[in-house]
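Beneath this line is the structure, given in structure tokens, with notes to follow.
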Amino acid sequence: MDIVILAVVIAVVVLGALGGLIVGSRRKKQLPPPPPAAPDITAPPAEPHVGDEAETPREEPRRTIEEVDLPDGSAPVVVEEPPAEAPGIEIPEPTAGRLVRLRTRLSRSQNALGKGLLTLLSREHLDEDTWEEIEDTLLTADVGVQPTQELVERLRERVKVLGTRTPEELRTLLREELITLVGRDMDRAVKTEPEDRKPGIVMVVGVNGTGKTTTTGKLARVLVADGQSVVLGAADTFRAAAADQLQTWGERVGAHTVRGPEAGDPASVAFDAVKEGKETGANVVLIDTAGRLHTKTGLMDELGKVKRVVEKQAPVDEVLLVLDATTGQNGLVQARVFSEVVDITGIVLTKLDGTAKGGIVVAVQRELGVPVKLIGLGEGADDLAPFEPEAFVDALIGE
């Protein structure tokens, strides 16, 4: 009996617990979801009120004009730039043997003149037609009529005596005759070191377009390479930027440039350059004169004035005439007129690497009776070389 009562009690308790669980789960399902949180809404900016609704302005601290710090206009801000580095001084290439090193620049002249002559002289029979071709080759190379006739006569005589001609014998023969024609014994030194004084004075003259100012700068490099100190006189005051160009050349080798105002008196600049050269103890003063049209008498007279003014301080040791080798016979006309105005003492032939007319060396020397002292063989800074007859002829006829 007790067991039955205990079982009934346990059953009642279990049923009560199950009923509580069922009611609790139903209540949870019937609860509504919580309402979403209201979003924060930023009120739009209030419109300015007017009239009766206008807000009374609030007082704020304000500064007077005396209390405001204004920038001082008397002291502008200066932006400091790093100092420009001075260009380094270049060491020019030595002049000794320079023409030998530049031999390949004469290749065009070599093909036209030297190899052409060797080919003609190598023919088995040298008849009159062949000798006429030899003359034409020399004339085409601008050797000139009289020098051509002299060379052909000597060649004919020596070939007749020689008889059988081997290539080596012909080359030796032609080399000897060309060196004689060019002139082995002429004094080709640029006179820059007078015995009784310093500095030596060199004037550089010529028409525009021949490379006169560039040649003056390159000549400064030649002299510096030989251990001389140089002062440059920028007396070409009529051509724009000529003085700047010359000064740039001078700065590269440490040579000072004396210059004057644009379109100023070139004689005055030349005078000042010589004066400074004497005061500083320079070895050489190089004066770059204004380009002249050889057909304009007034301009040529001005050139004579420059020379006279310079000689009030010291004699001019060299007057170098710059000629463009590519102009041929026109260059000879220029040379003739310049020699009448100033005493030309030497010739500088530029652009000789760009022409097949290497014979201009012979023609201009015959025309003026003065030697070719320097030749230009390119656009490089060290492409101006002292003229050496043997090296020049060897370049013409090849190895």
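Everything numeric in this text was worked out from a predicted model, so none of it was measured.
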Polar contact flag, side-chain donor to acceptor under 3.5 angstrom, Gln247-Glu251 | yes
Do Thr213 and Arg239 meet the criterion of a side-chain donor-acceptor pair at a distance under 3.5 Å?
-> yes
Between Leu181 and Arg154, is any pair of side-chain heavy atoms under 4.5 Å apart?
-> yes
Shortest non-hydrogen separation from Ser229 to Ala282 and the atoms involved = OG-CA, 3.4 Å
Write down the atom of Arg221, the atom of Trp249, and the distance for their closest heavy-atom approach.
-> CD-CZ3, 3.7 Å
Heavy-atom side-chain contact between Val190 and Val284 under 4.5 Å = no
How long is the gap from OG1 on Thr327 to CG on Leu349, to the nearest 0.5 Å?
-> 8.5 Å
Pairwise distance CG(Leu174) to CG(Leu170) - rounded to 0.5 angstrom | 8.0 Å
Note: Pro371 and Thr345 closest approach over all heavy atoms is CD-O, 3.9 Å
Only one of Glu390, Glu176, Glu388 forms a salt bridge (charged side-chain N to carboxylate O under 4.0 Å, His left out) with Arg184, so which one is it?
-> Glu390
Whether Asp317 side chain and Ile201 backbone form a donor-acceptor pair below 3.5 Å = yes
Within a strict 4.5 Å, meaning less than it, do heavy atoms of the Thr289 and Pro266 side chains meet?
-> no
Is there a path of hydrophobic side-chain contacts, each under 4.5 Å between heavy atoms of I, L, V, M, F, W or Y residues, that connects Met186 with Val393?
-> no
So, do Ile397 and Arg175 sit near enough that their side-chain heavy atoms are less than 4.5 Å apart?
-> yes
Answer yes if the side chains of Thr148 and Glu135 hold a donor-acceptor pair under 3.5 Å, and no otherwise.
-> no
Within-4.5 Å side-chain heavy-atom neighbours: Asp127 and Thr130 | yes
Taking all non-hydrogen atoms of both residues, which atom of Val182 and which atom of Arg188 are closest, and how far apart?
-> O-NH2, 3.1 Å
Kindly determine whether Val341 and Phe338 satisfy side-chain contact (heavy atoms from CB on, under 4.5 Å), including the steps that lead there.
-> CA-CA 5 Å; Val341 178; Phe338 272 92; 5.9 Å; no
I would like to know whether Leu368 and Leu321 meet side-chain contact (heavy atoms from CB on, under 4.5 Å); could you show each step before the answer?
-> CA-CA 11 Å; Leu368 297 183; Leu321 174 62; 4.3 Å; yes
Examine Leu332 and Leu323 and state if one hydrophobic cluster contains both, with Ile, Leu, Val, Met, Phe, Trp and Tyr joined whenever side-chain heavy atoms are less than 4.5 Å apart.
-> yes
Cluster question for you: counting only ILVMFWY and a side-chain heavy-atom cut-off of under 4.5 Å, with indirect links fine, are Val306 and Val269 together?
-> no
Atom CG in Leu138, atom CG in Leu155: separation rounded to 0.5 Å?
-> 8.0 Å
List for me each residue that meets salt bridge (charged side-chain N to carboxylate O under 4.0 Å, His left out) alongside Asp324, sequence neighbours excluded, and say none if there are none.
-> Lys351
Got a sec: does the CG of Asp343 have more than 12 other heavy atoms crowding it under 6.0 Å?
-> no
Applying the 4.5 Å side-chain criterion to the ILVMFWY set and letting contacts propagate, would Val362 and Leu352 be lumped into a single cluster?
-> yes
Atom of Val253, atom of Pro92 and distance for their closest heavy-atom approach = CG1-CG, 3.8 Å
Is it true that atom CD of Gln146 has more than 12 heavy atoms of other residues, nucleotides or ligands lying nearer than 6.0 Å?
-> no
Residues Arg252 and Ala381: closest non-hydrogen pair is NH2-CB, 3.7 Å
Would a 4.5 Å heavy-atom cut-off, applied to side chains only, mark Asp265 and Glu302 as touching?
-> yes
Between atom NZ of Lys115 and atom CG of Leu396, what is the distance when rounded to the nearest 0.5 Å?
-> 11.5 Å
Thr214 side-chain N/O to Gly211 backbone N/O, donor-acceptor pair under 3.5 Å = no
Begin with the C-alpha distance, continue with both residues' side-chain angles, and end with the deciding distance and a verdict on side-chain contact (heavy atoms from CB on, under 4.5 Å) for Val370 and Ile347.
-> CA-CA 7 Å; Val370 298; Ile347 306 295; 4.0 Å; yes
So, does Gln313 use its side chain to make a donor-acceptor pair with the main chain of Phe271 at under 3.5 Å?
-> yes
Are Leu286 and Val309 connected in a single hydrophobic cluster, I mean Ile/Leu/Val/Met/Phe/Trp/Tyr linked by side-chain heavy atoms less than 4.5 Å apart?
-> no
Would you say the side chain of Arg197 lies within less than 4.5 Å of the side chain of Lys278, judging by non-hydrogen atoms?
-> no
Residue pair Ser339 / Glu367, side-chain heavy-atom distance below 4.5 Å | no
Apply side-chain contact (heavy atoms from CB on, under 4.5 Å) to the pair Ile134 and Leu117, showing each step before the final yes or no.
-> CA-CA 6 Å; Ile134 292 174; Leu117 292 176; 3.7 Å; yes
Quick one: do Asp383 and Lys218 satisfy salt bridge (Lys or Arg N to Asp or Glu O under 4.0 Å)? Show the steps, please.
-> CA-CA 8 Å; Asp383 290 342; Lys218 290 183 178 181; 5.3 Å; no
Separation between CG of Leu121 and CZ of Arg171, rounded to the nearest 0.5 Å = 13.5 Å
Results of salt bridge (charged side-chain N to carboxylate O under 4.0 Å, His left out) for Lys275 - residues two or more places apart only | none
Has Glu379 got more than 12 heavy atoms of other residues, nucleotides or ligands less than 6.0 Å from its CD?
-> no
Between CG of Asp136 and CG of Asp129, what distance do you get to the nearest 0.5 Å?
-> 10.5 Å
For the pair Glu128 and Arg156, evaluate salt bridge (Lys or Arg N to Asp or Glu O under 4.0 Å) and give the outcome as yes or no after the intermediate values.
-> CA-CA 10 Å; Glu128 289 300 320; Arg156 293 184 73 155; 2.6 Å; yes
Indicate whether any N or O donor in one side chain lies under 3.5 Å from an N or O acceptor in the other, for Thr192 and Glu318.
-> no
